[in-house]
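Input: a single structure, listed below in structure tokens.
Hydrogens, waters and symmetry mates are skipped; everything else that's a heavy atom, side chains included, is used. Note on naming: letters A, B, ... go to the chains in the order of the sequence lines (proteins, then strands), and numbering restarts at 1 for each one.
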There are 2 protein chains.
Amino acid sequence: MSFYSPGETAEKSGFSIDTLRYYEKIGLLSGIARNASGRRVFSDDDLQWLEMLRCLRGTGMPIAEMLRYSELARGGDETVQERLELLQEHDRRVEEQIAELRTRQEQIQWKIRLYSGTLCEGLPA
Amino acid sequence: MSFYSPGETAEKSGFSIDTLRYYEKIGLLSGIARNASGRRVFSDDDLQWLEMLRCLRGTGMPIAEMLRYSELARGGDETVQERLELLQEHDRRVEEQIAELRTRQEQIQWKIRLYSGTLCEGLPA
DNA sequence: ATCCCACCTGGAGCGCACTCCAGGTCAACA
DNA sequence: TGTTGACCTGGAGTGCGCTCCAGGTGGGAT
């Protein structure tokens, strides 16, 4: 079991120190330990939790919903069902998101081919 | 060739009327016709352009870059090369975006399986 | 004639998710 | 002993992309 300074944690988690502080303030991070002089000390568990937060944020989950998830996580075993449903619902939205991105991307690629064609036409034979 | 009121255009394009006005104001939409009483009249061409804008916005292109693209589009044939490069670069970013979403989604799905497992264990035999 | 409704304008306001700042503390190193 | 640098706090500020508002106009139905 290792411990990490805010700076290390920022680097490992990909969140800025300011964001870590912000997440603690709003309740996305709870029970972060402090050393004798009041500085934050992050554990491996904290890092794992941050990785989860990264997955959720990185797939577009709004902070408010992540907050809900954190509350459930704090609630222990009784909330597993609810957490499961929340993640499944989110997973569905991510799927849709990817599908829409693909569709839009195809249209953009179509346009790219069109432009490429235009350029070729202009070429000397 | 048909013409469309702002309301129709909003419905067809998926942008709100306010957003259409905003886009015209900042220069993403140019040369939108007006009728005798000053109201906007959108053409099929405008609608096609809006569809393109939707693709770009919907895949996360920032307004500033769309503005760049619009300027190029107004520049005529000489800018085809540049437009091509812009779209290709964007296409690359969309690809990355999708890849990251997939990675994150897999981690979330792993978590979902974990929760499902937890629930099954608790089941009576 | 009057009412309504869709539209017009310039400009203010909003929600989100950070990000920055001023002023302070503490530990380590020169 | 002084300086540096990483960290602390509460709170203000930022950037983006809209979204809303007040006050006004014009055209068609009643």
Side-chain angles (χ1 to χ4, degrees), chain A residues 2-43 46-47 49-50 52-70 90 93 97 100 104, chain B residues 2-43 46-47 49-50 52-70 90 93 97 100 104:
Chain A
S2 301
F3 296 98
Y4 311 94
S5 72
E8 285 170 324
T9 309
E11 197 181 339
K12 281 175 194 289
S13 71
F15 292 114
S16 75
I17 293 194
D18 267 321
T19 299
L20 293 176
R21 282 199 273 259
Y22 168 65
Y23 280 5
E24 191 187 17
K25 180 151 49 178
I26 64 173
L28 271 183
L29 256 42
S30 63
I32 302 299
R34 302 294 182 117
N35 68 12
S37 52
R39 296 187 179 193
R40 287 172 186 82
V41 177
F42 292 86
S43 68
D46 295 331
L47 244 82
W49 176 245
L50 282 168
M52 185 66 193
L53 292 184
R54 187 129 274 278
C55 283
L56 299 179
R57 270 308 290 143
T59 49
M61 183 182 285
I63 297 272
E65 197 171 343
M66 291 168 61
L67 225 36
R68 171 87 186 119
Y69 182 73
S70 320
H90 183 60
R93 287 194 306 254
Q97 216 187 130
E100 164 150 11
R104 301 291 185 206
Chain B
S2 301
F3 296 98
Y4 311 94
S5 71
E8 284 169 327
T9 308
E11 197 181 341
K12 282 178 193 290
S13 70
F15 292 114
S16 76
I17 293 192
D18 268 320
T19 300
L20 292 176
R21 281 199 275 256
Y22 168 66
Y23 280 4
E24 190 186 18
K25 179 151 51 177
I26 64 174
L28 272 183
L29 257 40
S30 62
I32 300 300
R34 301 294 182 118
N35 68 12
S37 51
R39 297 186 180 194
R40 287 172 187 81
V41 177
F42 293 86
S43 68
D46 296 330
L47 244 82
W49 177 245
L50 283 169
M52 186 64 192
L53 292 185
R54 187 130 275 277
C55 282
L56 299 179
R57 271 307 290 143
T59 49
M61 183 182 285
I63 296 271
E65 196 171 343
M66 291 168 59
L67 225 36
R68 172 86 186 118
Y69 182 73
S70 321
H90 182 62
R93 286 194 307 254
Q97 216 188 127
E100 164 150 10
R104 302 291 186 206

Can you name the closest pair of heavy atoms from [X] and [Y] and give their distance?
X: A:Arg57; Y: A:Met61; value: NH1-O, 2.8 Å
X: B:Thr9; Y: B:Phe42; value: OG1-CD1, 3.1 Å
X: B:Val41; Y: B:Asp46; value: O-OD2, 4.0 Å
X: A:Leu67; Y: A:Ile26; value: CD1-O, 3.5 Å

Return the set of residues passing side chain to side chain donor-acceptor pair (under 3.5 Å) with [X] (not counting sequence neighbours), or none when no residue passes.
X: A:Ser70; answer: none
X: B:Tyr69; answer: A:Tyr115
X: B:Ser37; answer: B:Asn35
X: A:Ser13; answer: none

Query raised in the report: Would you say a side-chain N or O of B:Arg34 is under 4.0 Å from OP1 or OP2 of C:dT9?
Result: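 Checking C:dT9 against B:Arg34, a side-chain N or O does come within under 4.0 Å of OP1 or OP2.
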Query raised in the report: Does the side chain of A:Arg40 get closer than 4.0 angstrom to OP1 or OP2 of D:dT9 through an N or O atom?
Result: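 Yes, A:Arg40 has a side-chain N/O under 4.0 Å of OP1/OP2 on D:dT9.
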Output one line per pair: protein atom, nucleotide atom from nucleotides 23-25 of chain D, and distance, for all N/O pairs under 3.5 Å.
none

**Report entry** Strand-adjacent residues in residues 54-68 of chain A, judged by heavy atoms under 4.0 Å from DNA chain C
**Finding:** A:Arg57, A:Pro62, A:Ile63
Query raised in the report: Looking at residues 20-29 of chain B, who's got a heavy atom less than 4.0 Å off DNA chain C?
Result: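 Heavy-atom cutoff 4.0 Å gives B:Arg21, B:Lys25.
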Query raised in the report: Given side chains that start at C-beta, do those of A:Leu29 and A:Leu50 come closer than 4.5 Å, heavy atoms only?
Result: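 The answer is yes; the side chains approach within 4.5 Å.
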Sequence neighbours left out, what passes side chain to side chain contact (heavy atoms under 4.5 Å, CB included) with [X]? Give chain and number order.
X: B:Arg68; value: B:Glu71, B:Leu72, B:Glu82, B:Leu86
X: A:Thr19; value: A:Phe15, A:Ser16, A:Tyr23
X: B:Arg21; value: B:Ile17, B:Asp18, B:Arg40
X: A:Thr59; value: A:His90, A:Val94, B:Leu101, B:Arg104, B:Ile108

**Report entry** Contacting residues from residues 2-19 of chain B, given that a heavy atom lies under 4.0 angstrom of DNA chain D
**Finding:** B:Ser16, B:Asp18, B:Thr19
Query raised in the report: Expressed in angstrom and rounded to an integer, what is the separation of A:Asn35 atom CG from C:dT25 atom P?
Result: 16 Å
Requested in this report: Figure out the CZ/C1' separation between B:Phe42 and C:dC7, and round it to whole Å.
Outcome: 11 Å
